[in-house]
Student: 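One structure, pasted below without further comment.
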Amino acid sequence: MDSLNPEALTTTQYGDMISSSLEWSRSIRMGGFQWRSNFALRPDLVTFPVPSLYGTAVVPSSVDLYINQVRQFSGSVPSGPFVVNDVPGITGGGEATLVTRDALGRTLSTSVPLYIDARLLAAGLSSYSVEVGFLRRAYGLESFDYDPHPAASGSARYGVSDAVTLESHAEATSGVYNAGAGALVRLGTSGVISGALAASTGHLAGTQVSFGYQWIQPWFSIDAQTVRTFGTYGDLAASDGSPVPSISDRVTASAPVFRNQTVGLSYIGFKYPGSPASHIASVSYSMNLSNLVSVNLSAYKDLSHTGSSGVFLNVSIGFGHNVSVSADVGEQNGEASYNVNASRPPDYDGGWGWGVQAGGNGVVRYGQAQVQYLGRFGEATAVGQDLGGVSSASLDLNGAIVFMDGSVEAARRIYDGFALVSTDGVAGIPVVHENRTIGKTDSGGHLLVSDLNAYQINQLGIDSLGLPADARIMTTSMDVVPQSESGVLAHFPVQHYRAASVILQGPDGKLLPPGAPVHHVESGTDTIVGYDGVAFIDELQPDNHLEIDSGTLHCSVQFAYVGQANGTLATLGPLVCTAITRKETSHPQSPGASGTHTSPEMQGGERQ
């Protein structure tokens, strides 16, 4: 169970968890609670240092920003100095080119080198994690198996500047106490070095030293780290029976060659206390023939053990209709292996998916087949497999249940944010997510949208063409921003017309002419007659009266109205407009008007 605090950017988790770790420490499964910073609650927050580019424009100008010769930003700036501090995040080194262009077309170009490492924290930014509980044992084999001694773990990081980030980590349990500190330092555009020193005490006492270096460029990259322990250095995992390697080395280098091809070299060396060391070298080659075809070739050799080597080839091909096929062949320590699989996952809108796999490793053969069905209320996966003549089968069901807006909704598994669309009980209305129809409202006028991005704008809407003829709506789209692992109600108020088309005839039996004014007495609204004597009357009551006053025609109509059960708009009539007598009042003329004489007896009296 998680408790989120978007304002403080923290998450508190209760139950089973994985403890925090740094590059020079190890994680372990625990049961208890964890309190940690969670930058994912602010997707707009950039946690690593972002370079700012400065310039000056003599007159109002347009600005274009190019990163590695690809335009990433375009805008306008007023005269005077300006700064562009929204440089898109790239990994490793690159070049930023700022091009300003004035109204006369004169351009000024400035290029500066960049180096961005997402592992660094921006100046003044900190992150942390604290775990307290009991170590989990036999994970995946036993339920509720925990070490009886309490344990605690914590990590913290702080950005001292855009070039320096400090780190610390500590652990404690019965008989083992561990603490350490380290730093990451950016060397301009020459990469980032890292180092840390840790020590443990108790029945596992010793020290650990680590050092690393990473440099990434478009044409070459290298990542190296070495960790050495002295004495009987230990941590929480070591207290539970998993010793810390006394030697752990890693070096990886890669470079692109030709077009869509990459070559990589790596070395891994490690040694556990009381066991011989291993030194493994490998080489890899990858090639993308197109967006749908890729080839990977790799080989390795253990330099400290004769005969320990292997070579592997993988080919992946994508076909139409979301079908993909991949094949692996290889040889490891003198034994051949192969694996072929084909799969088609279910479409987002739902439906069937499948997968088949066959392979072998030495004399052992295996095969597997699975069928998936993705529906509105969840996903079901059936798997059957055979491993060396031993057969097994499994069935996996997953989904979610949401209580909101007085209804219970079943849905697919919810990983982030969600929204419940409500159309005031109107069923069968198509719901649109980011301009794509994803379903229709149920009999209660609801549809659960289960895959929204938390803390980001998600556009939801309904297709008004699916509304009944007697329904109207003020808006057909809205933007919703759910919190992480939470939902919002997307309410589209639907109102129903009490309206009908009324065919009107005059006292002479002829259809009323177009444009004749019509007054609905009960609602006080006015309209006009259209072609073929039809007038559209809204806000109807069980008993209604219409008055028509057009030139010499003065008539009225009385009729009853009952709403249509199928949601359509009724057409009433033809109804005959009954003539009415209109009283006319003559107004007295001014005294002394030509040709008019008023007797004293008539003054102040009523005239007709």
Side-chain angles (χ1 to χ4, degrees), residues 138-143 252 254 260-266 268 270 278 280-302 305-399 412-413 415 451:
Y139 179 78
L141 300 176
E142 299 288 342
S143 299
T252 301
S254 63
N260 299 326
Q261 301 177 56
T262 303
V263 173
L265 299 172
S266 66
I268 297 177
F270 63 90
S278 295
I280 301 173
S282 65
V283 59
S284 64
Y285 168 79
S286 63
M287 174 175 57
N288 293 325
L289 300 179
S290 67
N291 292 332
L292 299 177
V293 181
S294 65
V295 178
N296 294 274
L297 177 65
S298 62
Y300 80 91
K301 181 175 177 56
D302 191 336
H305 295 83
T306 304
S308 179
S309 61
V311 59
F312 304 93
L313 174 65
N314 169 267
V315 178
S316 298
I317 304 175
F319 295 93
H321 305 290
N322 212 18
V323 176
S324 62
V325 177
S326 66
D328 298 86
V329 293
E331 184 182 46
Q332 182 175 357
N333 299 333
E335 289 189 347
S337 63
Y338 71 93
N339 179 68
V340 179
N341 69 77
S343 64
R344 186 198 186 282
D347 294 331
Y348 172 83
D349 296 332
W352 293 93
W354 53 267
V356 292
Q357 182 180 14
N361 189 358
V363 297
V364 179
R365 299 290 183 267
Y366 58 87
Q368 176 177 297
Q370 71 175 31
V371 178
Q372 294 174 280
Y373 178 76
L374 179 62
R376 175 180 171 184
F377 305 119
E379 184 178 28
T381 303
V383 180
Q385 57 183 208
D386 180 88
L387 178 60
V390 179
S391 299
S392 62
S394 64
L395 176 63
D396 180 74
L397 303 174
N398 68 73
R412 301 175 183 179
R413 185 173 180 179
Y415 295 95
D451 58 348

Student: Under the side chain to side chain contact (heavy atoms under 4.5 Å, CB included) rule, collect the residues that match up with Arg365, sequence neighbours excluded.
Tutor: Tyr338
Student: Could I get the full list of side chain to side chain contact (heavy atoms under 4.5 Å, CB included) partners for Asn361, not counting sequence neighbours?
Tutor: Glu335, Ser337
Student: How would you list, by chain and number, every residue that makes a side-chain hydrogen bond (donor to acceptor under 3.5 Å, both in side chains) with Ser266, sequence neighbours excluded?
Tutor: Ser282
Student: Tell me every residue that passes side-chain hydrogen bond (donor to acceptor under 3.5 Å, both in side chains) with Tyr285, counting only those two or more places apart in sequence or in another chain.
Tutor: Gln261
Student: So how far is it from Asp386 CG to Ser391 OG, rounded to the nearest 0.5 Å?
Tutor: 4.0 Å
Student: Not counting sequence neighbours, list each pair that qualifies as a ring pair (Phe, Tyr, Trp, His ring centres under 6.0 Å) and has a residue in residues 341-369.
Tutor: Trp352-Tyr373
Student: How about CG on Asn398, more than 12 heavy atoms from neighbouring residues, nucleotides or ligands closer than 6.0 Å, or not?
Tutor: yes
Student: For Asp347, what residues pass the salt bridge (charged side-chain N to carboxylate O under 4.0 Å, His left out) criterion, not counting sequence neighbours?
Tutor: Arg344
Student: Please enumerate all residues that pass side-chain hydrogen bond (donor to acceptor under 3.5 Å, both in side chains) together with Ser394, with sequence neighbours excluded.
Tutor: none
Student: Return the minimal non-hydrogen interatomic distance between Asn333 and Ser308, and the atom names on each side.
Tutor: OD1-CA, 3.0 Å
Student: To the nearest 0.5 Å, tell me how far Leu313 CG sits from Asn296 CG.
Tutor: 8.5 Å
Student: Among all residues two or more places apart in sequence or in another chain, which pass the side chain to side chain contact (heavy atoms under 4.5 Å, CB included) test with Ala299?
Tutor: Val283, Val311
Student: Got a sec, which residues hit side chain to side chain contact (heavy atoms under 4.5 Å, CB included) with Ser298, two or more places apart in sequence or on another chain?
Tutor: Ser284, Phe312
Student: Got a list of side-chain donor-acceptor pairs under 3.5 Å for residues 316-327, not counting sequence neighbours?
Tutor:
unit_1: Ser316; atom_1: OG; unit_2: Asn314; atom_2: OD1; d: 3.2
unit_1: Ser324; atom_1: OG; unit_2: Ser343; atom_2: OG; d: 3.4
unit_1: Ser326; atom_1: OG; unit_2: Asn341; atom_2: OD1; d: 3.3
unit_1: Ser326; atom_1: OG; unit_2: Asn341; atom_2: ND2; d: 3.0

Student: Got a sec, which residues hit side-chain hydrogen bond (donor to acceptor under 3.5 Å, both in side chains) with Thr252, two or more places apart in sequence or on another chain?
Tutor: none
Student: Can I get a per-line list of side-chain donor-acceptor pairs under 3.5 Å for residues 374-385, giving both atom names and the distance, sequence neighbours left out?
Tutor:
unit_1: Arg376; atom_1: NH2; unit_2: His446; atom_2: O; d: 3.3
unit_1: Glu379; atom_1: OE2; unit_2: Gln372; atom_2: NE2; d: 3.1
unit_1: Gln385; atom_1: OE1; unit_2: Ser392; atom_2: OG; d: 3.4
unit_1: Gln385; atom_1: NE2; unit_2: Gln368; atom_2: OE1; d: 2.8

